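Because only heavy atoms are used, hydrogens play no part in the values below, and waters and symmetry mates are left out as well, while side chains stay in. No experiment lies behind these values; they were computed from the predicted model shown.
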Amino acid sequence: MFGLITKLTAVPGRRDALALSLLDPEVKRPGCCSYVVALDPAEEHAVWVTEAWVSQDAHTAALTPDARERLRPALDLIAVFGETTYTRPIGGIGL
């Protein structure tokens, strides 16, 4: 498995809109086992996205131009792409 955890900082006042845009059901994520969007309780503009994929190749393959275009509304609400931590999930509830 392949995982990543990314912190995103929303444009001020747009965090909730960003979180909802990231959860757009029209964005297909084949090979994604888990995709969790969470609001940071300590930082008013921060959103965390935690993903688990069957493989790094599946993650890369899901980054199609069509998927990126569907994510455009969310991308426009991001002020800062924070650091991404890559992980190797080994199991858990929902995986």
Side-chain angles (χ1 to χ4, degrees):
M1 294 190 87
F2 173 74
L4 55 155
I5 303 166
T6 304
K7 180 181 180 182
L8 304 173
T9 302
V11 170
R14 302 303 312 268
R15 179 174 77 165
D16 290 347
L18 170 59
L20 290 174
S21 290
L22 291 169
L23 295 169
D24 183 350
E26 295 298 317
V27 178
K28 305 302 179 211
R29 295 177 176 89
C32 185
C33 304
S34 178
Y35 185 85
V36 177
V37 176
L39 304 178
D40 189 316
E43 293 186 45
E44 68 177 307
H45 303 300
V47 175
W48 291 90
V49 180
T50 304
E51 304 173 54
W53 294 79
V54 295
S55 67
Q56 187 172 359
D57 288 342
H59 176 259
T60 300
L63 299 174
T64 65
D66 182 55
R68 288 177 195 228
E69 190 57 36
R70 290 184 190 271
L71 280 171
R72 175 63 40 211
L75 296 174
D76 291 344
L77 297 172
I78 298 170
V80 177
F81 282 88
E83 185 175 332
T84 296
T85 299
Y86 297 96
T87 64
R88 188 173 53 86
I90 59 170
I93 296 171
L95 292 182

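R68 is not listed as a side-chain neighbour of T64, based on a closest heavy-atom distance of 4.5 Å or more. Between W48 and T6 the shortest side-chain heavy-atom distance does not fall below 4.5 Å. Inter-residue side-chain proximity for M1 and C33 is flagged as met; some heavy-atom pair is nearer than 4.5 Å. Residues L22 and L8 form a side-chain contact, since some pair of their non-hydrogen atoms from C-beta on lies under 4.5 Å apart. Residues T60 and W53 form no side-chain contact, since every pair of their non-hydrogen atoms from C-beta on lies 4.5 Å or further apart.
In this structure, L71 CG and D24 CG are separated by 7.5 Å, a value rounded to the nearest 0.5 Å. In this structure, T50 OG1 and I5 CD1 are separated by 5.0 Å, a value rounded to the nearest 0.5 Å. For the atom pair OG of S34 and CD of E51, the computed distance is 9.0 Å after rounding to the nearest 0.5 Å. L75 contributes atom CG, which lies 9.0 Å from atom CD of E69 (distance to the nearest 0.5 angstrom). Atoms CD and CG, from E26 and D66 in turn, are 10.0 Å apart once rounded to the nearest 0.5 Å.
A74 approaches S21 most closely through the heavy-atom pair CB-CB, 3.5 Å. Across all non-hydrogen atoms, the minimal contact from A46 to K7 is CB-CE, 3.8 Å. Closest approach of G31 and A58 over heavy atoms only: CA-CB, 4.2 Å. Contact detail for L4 and T87: the closest heavy-atom pair is N-OG1, 3.9 Å. Annotation for R70 and P73: closest pair O-CD, 3.4 Å, computed over non-hydrogen atoms. Between L95 and P89, the shortest heavy-atom contact is CD1-CB, 4.1 Å.
No side-chain donor-acceptor contact under 3.5 Å links R29 to the backbone of Y35. The closest donor-acceptor contact from the side chain of R15 to the backbone of E43 lies under 3.5 Å.
Cluster annotation: L77 is not connected to L20 through the hydrophobic network of ILVMFWY side chains, with a link wherever side-chain heavy atoms come within less than 4.5 Å. Residue V37 is not grouped with residue V11 when hydrophobic side chains (ILVMFWY) are merged at heavy-atom distances under 4.5 angstrom, including chains of intermediate members.
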- Message: With side chain to side chain contact (heavy atoms under 4.5 Å, CB included) as the criterion, how do I78 and L18 come out once you've worked through the C-alpha distance, each side chain's angles and the decisive distance to 0.1 Å?
- Response: CA-CA 7 Å; I78 298 170; L18 170 59; 3.7 Å; yes
- Query: Are V47 and L39 close enough, and set up right, to give a side chain to side chain contact (heavy atoms under 4.5 Å, CB included), and what steps lead you there?
  - Reply: CA-CA 5 Å; V47 175; L39 304 178; 4.2 Å; yes
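Applying the ring-ring contact (aromatic ring centres under 6.0 Å, His included) criterion to Y86, with sequence neighbours excluded, gives F2.
Enclosure of atom CD1 in I90 is not indicated, since only 12 or fewer non-hydrogen atoms of other residues, nucleotides or ligands lie within 6.0 angstrom.
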